[in-house]
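Contents: one structure, followed by commentary.
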Number of protein chains: 2
Amino acid sequence: MANPPTIKEIAEKLKLAKSTVSRALHDHPSIGLRTRMKVQELARALNYEPNQTAIHFQQKKTFTIGIVLPELSEAFFSAAISGIEDAANQNNYMVLLGQSHDDAAREKKIVEIMKNHRVDGLIVSLAKNTGDYAHFEALEKFNIPVVFFDRIPDKKDIHYVACNMESGTLQAVSHLLEKGHRVIGMINGPEQLVATPQREAGFKQALQKKRLKFDASLIVNSDLTREGTRAAMQQLLANKRKATAIVAFNDYVAQDAVQYALEQGIKVNKELTFVSYANLPLSSYMAFPPVASVEQYPYEQGYKATEILISLLGNKNEQDFQHIIIDSRLVVR
Amino acid sequence: MANPPTIKEIAEKLKLAKSTVSRALHDHPSIGLRTRMKVQELARALNYEPNQTAIHFQQKKTFTIGIVLPELSEAFFSAAISGIEDAANQNNYMVLLGQSHDDAAREKKIVEIMKNHRVDGLIVSLAKNTGDYAHFEALEKFNIPVVFFDRIPDKKDIHYVACNMESGTLQAVSHLLEKGHRVIGMINGPEQLVATPQREAGFKQALQKKRLKFDASLIVNSDLTREGTRAAMQQLLANKRKATAIVAFNDYVAQDAVQYALEQGIKVNKELTFVSYANLPLSSYMAFPPVASVEQYPYEQGYKATEILISLLGNKNEQDFQHIIIDSRLVVR
DNA sequence: CTGTTAGCGCATTCAC
DNA sequence: GTGAATGCGCTAACAG
């Protein structure tokens, strides 16, 4: 209940100067062994803990990084945040959280509040509808670096970490081809997402490697809603070439597609095999999980993004824009 | 790139005292309209933002609340955190995050770091194996209130929000009875969890209401792992009284149980109906979701816990321990 | 209505 | 090796 002990208090009790105590606490070489011991001993006895708010104020540094992302209830992001937290904690940083809930206006507000809160830097995964990056650019003036991950802005002068879906898709389709599938369908995502063309490219590349020709009617798009996916499935099943395997945009899409297929009396993963992206815990709870998943490494993305941010905080004069692209990879169950 | 503007700067440019500027910025009534306008105008022009770290230091208050919970990848907690965040933001608080990953040692460390970081208060859901609450009790000395939710300590002198599973279970079993089921099984959880006896009590109560007698062999326990649940199912299916409905401890358990039943050739939700707890997004992605779920209101728990915490921060002299118990409730799909 | 002064806790520069 | 003095940016108590 009494106020927490301060350096001043220790100094008075020991009849020393505050500065001496401060130095002793920091193991400053110029302090004699005897006094250093005395000081540290008393500090321990009093349960002295430096007042971080004072340090933050004085050092103009809060050892706090802000993290802005769309939605923690998406497994991808809750995995990513663990990577962020781990990397931050290992470097003695704390993590301030803000969910945009995929609302650009809310994202902007969060960024501003975090700026005022004087976070040292920001880790960001954009809201779906963020088109204007002015609120991020404004941070430059305040020397608050930003590292984006996964959902990154469409511009070049930024730091980011992302996952390339092309390699994983190539592996997924190749895997299906090796299993003997010759007609493979794909439920792809909205055109705006960078990941969509990447998936298509990987798909085509796998066919090309086997000298098979690409049939555009076997790629359909979903807006990622349940309805969109069901419509996509309907289209795919109505196609004159009957697919024996389907690459779904992610596990959520896969699950909707599987459900639709089951309703149509299709024997899932027998008559129609599914492959998906994400490999999230979700898939282990599916009744008919995809036979293989393309891993996007959310934890690693978060971890690396944070490492970059912290290195940026170290040498403020770093000019180059860092970008790490992680290759996605197929994981067979 | 230049340092952010300060009150001092504004004061000098306007040939006023710092305190005048400070008051003008805060719309203090004693400041003349003319000067107030002048100050606010210049502040806007300079993009002045108060330095929060200075305010935190000076006010001995950071407007930050720490949140310590086991695991964000559990849907329950990621929902809860949104409630916490919303309540916090509405009251101009920020949220500092720490996951214990169900490790008591890590939890303890997080609490200490947050204490040093001078959070104003803490929202906590305990790690599974936390048995020692000393690190929380230590916070009292520093006047840092703690509000627990869902996974709460087994002691009385605390603030908490929790959900009583008894009412929901009563509703769930009654629902099944009304649908004509006469032999109902339950997969309950580990004995240590407070929620386990609550479920059993609700179960018995529903039977009693219908003047049906309770058969202990129809309640089996799972340790919540997949294997534990499968063993429980095996036991239940081997019982001489064949259940036509099962109440599963949560959606994860339900899914494992459903999978096992399917493997045994049982027509799920036809021959064997499932009811579960949580009603998490997970269940909407199951191929055979439970026909009804007992809602535990994670968002509301987080929200209310935060409201309590913030009220505690308002009147520090509040002595009474607040506890809110939310009744669980059945949601039929 | 406005100015002056002090102090929050700490690290740091400059003396001795 | 140690002490004294300064200032980070802000609010608030006290004067006028």
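Lettering follows sequence order; numbering is per chain, from 1.
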Legend entry - Among B:F136, B:Y133, B:Y160, the one residue meeting ring pair (Phe, Tyr, Trp, His ring centres under 6.0 Å) with B:F148: B:F136

Legend entry - NZ or CZ of B:K60 within 45° of B:F57 ring axis and under 6.0 Å: no

Inset, instruction - Can you figure out which of C:dG9, C:dA11, D:dC10 approaches the side chain of A:N51 most closely? - result: C:dG9

Legend entry - Length of the CG-C1' vector between B:L25 and D:dG9, whole Å: 12 Å

Inset, instruction - Could you check how far CZ of B:R34 sits from P of C:dC1, rounded to whole Å? - result: 13 Å

Inset, instruction - For B:Q52 and C:dC8, give me the distance from atom CD to atom P, rounded to whole Å. - result: 21 Å

Inset, instruction - Answer with base, sugar-phosphate or nothing: what part of the nucleic acid does B:T6 contact at a heavy-atom distance below 4.0 Å? - result: sugar-phosphate

Inset, instruction - Would you mind reading off the distance between B:F63 atom CZ and D:dT11 atom P, rounded to a whole angstrom? - result: 11 Å

Inset, instruction - Measure distances between side-chain N and O atoms of A:R36 and base N and O atoms of D:dG1, and say whether any donor-acceptor pair falls under 3.5 Å. - result: no

Inset, instruction - Please state how far atom CG in A:N3 lies from atom P in C:dG7, giving the value in whole angstrom units. - result: 15 Å

Inset, instruction - Check whether the side chains of A:D27 and A:Q40 place a donor and an acceptor atom closer than 3.5 Å, and report yes or no. - result: yes

Legend entry - Distance-only donor-acceptor test (3.5 Å): side chain B:S30, base C:dT2: no

Inset, instruction - Check every strand shown and say whether A:T53 touches a base, only sugar-phosphate, or nothing at a heavy-atom separation below 4.0 Å. - result: nothing

Inset, instruction - Give the rounded distance in Å between these two atoms: CD1 of A:I55 and P of C:dG9. - result: 12 Å

Legend entry - Listed nucleotide nearest any side-chain atom of A:P50, set C:dC10, D:dA4, D:dT11: C:dC10

Legend entry - Near-parallel close stack of A:F57 and C:dC10 base (under 5.5 Å, under 30°): no

Legend entry - Distance-only donor-acceptor test (3.5 Å): side chain A:S19, base D:dA4: yes

Legend entry - 5′-ward residue of the pair A:I7/B:I31 relative to DNA chain C: B:I31

Legend entry - d(CD, A:Q58; P, C:dC8) in whole Å: 15 Å

Inset, instruction - Would you mind classifying the nucleic acid contact of A:K18 as base, sugar-phosphate or nothing, using non-hydrogen atoms under 4.0 angstrom? - result: base

Legend entry - Nearest-0.5 Å distance that lies between atom CD1 in A:I81 and atom OG in B:S73: 11.0 Å

Legend entry - A:E307 side chain to A:N91 side chain, donor-acceptor N/O pair below 3.5 angstrom: no

Legend entry - Audit row: A:E112, A:H135, side chain to side chain donor-acceptor pair (under 3.5 Å) steps and yes/no: CA-CA 7 Å; A:E112 265 155 20; A:H135 47 301; over 6 Å; no

Inset, instruction - Name the nucleic acid region contacted by A:K15, choosing base, sugar-phosphate or nothing; use a 4.0 angstrom heavy-atom cut-off, strictly under. - result: sugar-phosphate

Inset, instruction - Grab the CG-C1' distance between A:L14 and D:dG1 for me, whole Å please. - result: 15 Å

Inset, instruction - Taking only the side-chain nitrogens and oxygens of A:Y48, find out if one of them lies under 4.0 Å from OP1 or OP2 of C:dG9. - result: no

Legend entry - Any donor-acceptor N/O pair under 3.5 Å between C:dT4 base and B:R23 side chain: no

